[in-house]
Amino acid sequence: MALSTHTTPSGFLLPSIHSAPPFFTEQPNQSTHAHLTEKWMRLILAYARHKRLFVLRVEDAEVPGGEWDEILRNERINRRILPPYLSSLMAIMVAKNLAVYEPSKQTRAVLLYWRLPEEWADVLHSWATATGQLNTILTFYEISDPPIQSPLSGIPIPLLRRAITILSRSNRAQIIGVADGEGVRFFVG
């Protein structure tokens, strides 16, 4: 069978390796395992960016029709990634700082860094500057769920908090307690 690329219903172009049955199985050969792990990590992050997905759970390997189904399954070759293999990939992504367990102290769900927190900090500060939000106090909710779609729409609060912490270290933001939770003030930087 010839391997070929395939476009998913969401418009994501799957790499040809996604059509190879061994891709969905943890490989015993160390170099093959390392190669496929690298391919999986790139695929997961690219797909997450494409669909703006922030969280990957071990359970996603078991949910037919779920938001990760397009990459975790390949019905054309009757293959899917098994939960233990996905869990192993998630652990490697955490070790390589491409994800973080969220909530912490568990290993079943990760917050994916398809943009690193430092990159989110730059996006956040650029957005605050472009929208005239400097020296204005905004709640985390106003940033993650703005009335007008923004690059920060849907960003999980833990990731937003990390980005704000990075901006705080360079004096470009300050976390402020507000009546309904946490807020932030942005400064010229």
_Are I92 and F23 linked, directly or through intermediate hydrophobic residues, by side-chain heavy-atom contacts shorter than 4.5 Å (ILVMFWY only)?_
yes

Contacts of Y113 meeting side-chain hydrogen bond (donor to acceptor under 3.5 Å, both in side chains) (sequence neighbours excluded), chain-then-number -> R162

In terms of heavy-atom contacts, I155 and S144 come closest through O-CB, 3.4 Å

Heavy-atom side-chain contact between R49 and R115 under 4.5 Å: yes

Please report the C-alpha distance between W120 and I166 in whole Å, then the side-chain angles of each, then the deciding distance to 0.1 Å, and finally whether the side chain to side chain contact (heavy atoms under 4.5 Å, CB included) criterion is met. CA-CA 9 Å; W120 279 112; I166 290 164; over 6 Å; no

Test item: W114 and L53 side chains (from C-beta on) under 4.5 Å apart, heavy atoms:
no

Margin query: If you define the side chain from C-beta out and look only at heavy atoms, does anything of L36 sit under 4.5 Å from I17?
Written below: yes

Sorted by chain and number, sequence neighbours left out, ring pair (Phe, Tyr, Trp, His ring centres under 6.0 Å) with H50 holds for F12

Minimal heavy-atom distance between S10 and K51, with the atoms involved, is OG-CD, 3.7 Å

task: Examine L111 and I157 and state if one hydrophobic cluster contains both, with Ile, Leu, Val, Met, Phe, Trp and Tyr joined whenever side-chain heavy atoms are less than 4.5 Å apart.
output: yes

Check whether any side-chain heavy atom of I176 lies under 4.5 Å from a side-chain heavy atom of E182, and answer yes or no.
no

Which donor-acceptor pairs under 3.5 Å do the side chains of residues 93-100 make with protein atoms, sequence neighbours left out?
none

Please determine whether side chain to side chain contact (heavy atoms under 4.5 Å, CB included) holds for the pair I137 and V184, giving the CA-CA distance in whole Å, both sets of side-chain angles, and the decisive distance to 0.1 Å. CA-CA 5 Å; I137 297 173; V184 60; over 6 Å; no

Would you say L116 and I143 are hydrophobically clustered, going by side-chain heavy atoms of ILVMFWY under 4.5 Å? yes

Determine, stepwise, if the pair L89 / I81 fulfils side chain to side chain contact (heavy atoms under 4.5 Å, CB included).
CA-CA 10 Å; L89 289 169; I81 192 168; 3.5 Å; yes

Validation row: L14, L43 side chains within 4.5 angstrom (heavy atoms): yes

Here the gap from N74 atom CG to H6 atom NE2, rounded to the nearest 0.5 Å, amounts to 7.5 Å

Here the gap from R185 atom CZ to L138 atom CG, rounded to the nearest 0.5 Å, amounts to 10.5 Å

Next on the checklist: For a side chain to side chain contact (heavy atoms under 4.5 Å, CB included) check, start with the C-alpha distance between D69 and V63, then their side-chain angles and the critical distance, and finish with the verdict.
Outcome noted: CA-CA 7 Å; D69 213 32; V63 180; over 6 Å; no

Here the pair of heavy atoms bringing P158 nearest to E102 is CG-OE2, 3.5 Å

CG of L112 to CE of M41, rounded to nearest 0.5 Å, is 12.0 Å

Correct closest heavy-atom pair for A163 and A121 would be O-CB, 3.5 Å

The reported gap from OG in S150 to CG in L124 (rounded to nearest 0.5 angstrom) is 9.0 Å

In this structure, CG of L160 is separated from OH of Y141 (nearest 0.5 Å) by 13.5 Å

Sorted by chain and number, sequence neighbours left out, ring pair (Phe, Tyr, Trp, His ring centres under 6.0 Å) with F24 holds for H18, W40

- Are side-chain heavy atoms of T165 and R169 found at a separation under 4.5 Å? yes

Self-check item: Non-hydrogen side-chain atoms of D122 and E118 separated by less than 4.5 Å
Solution: no

Of all heavy-atom pairs linking L86 and R57, the shortest is CD2-O, 3.6 Å

Next item on the list: Check whether more than 12 heavy atoms from other residues, nucleotides or ligands sit under 6.0 Å from atom CD of Q106, and answer yes or no.
Entry: yes

query: So, R80 side chain and A61 main chain: donor-acceptor pair closer than 3.5 Å or not?
result: yes

So, the side chain of S87 versus the backbone of P83: is there a donor-acceptor pair under 3.5 Å, distance only?
no

Sorted by chain and residue number, the side-chain hydrogen bond (donor to acceptor under 3.5 Å, both in side chains) partners of T32 (sequence neighbours excluded) come out as N29

message = Using only atom types and a distance under 3.5 Å, with no angle test, would you say the side chain of S104 pairs donor to acceptor with the backbone of Y101?
response = no

Heavy-atom closest pair (P151 atom, R52 atom, distance to 0.1 Å) is O-NH2, 3.0 Å

d(Q30 CD, Q27 CD) to nearest 0.5 Å is 11.5 Å

Parallel, tilted or perpendicular, judged at 30° and 60°: which one describes the rings of F186 and H125? perpendicular

Check: Are L134 and F187 side-chain neighbours, meaning at least one heavy-atom pair lies under 4.5 Å?
Finding: no

ring-ring contact (aromatic ring centres under 6.0 Å, His included) pairs touching residues 62-84, sequence neighbours excluded, are Y47-W68

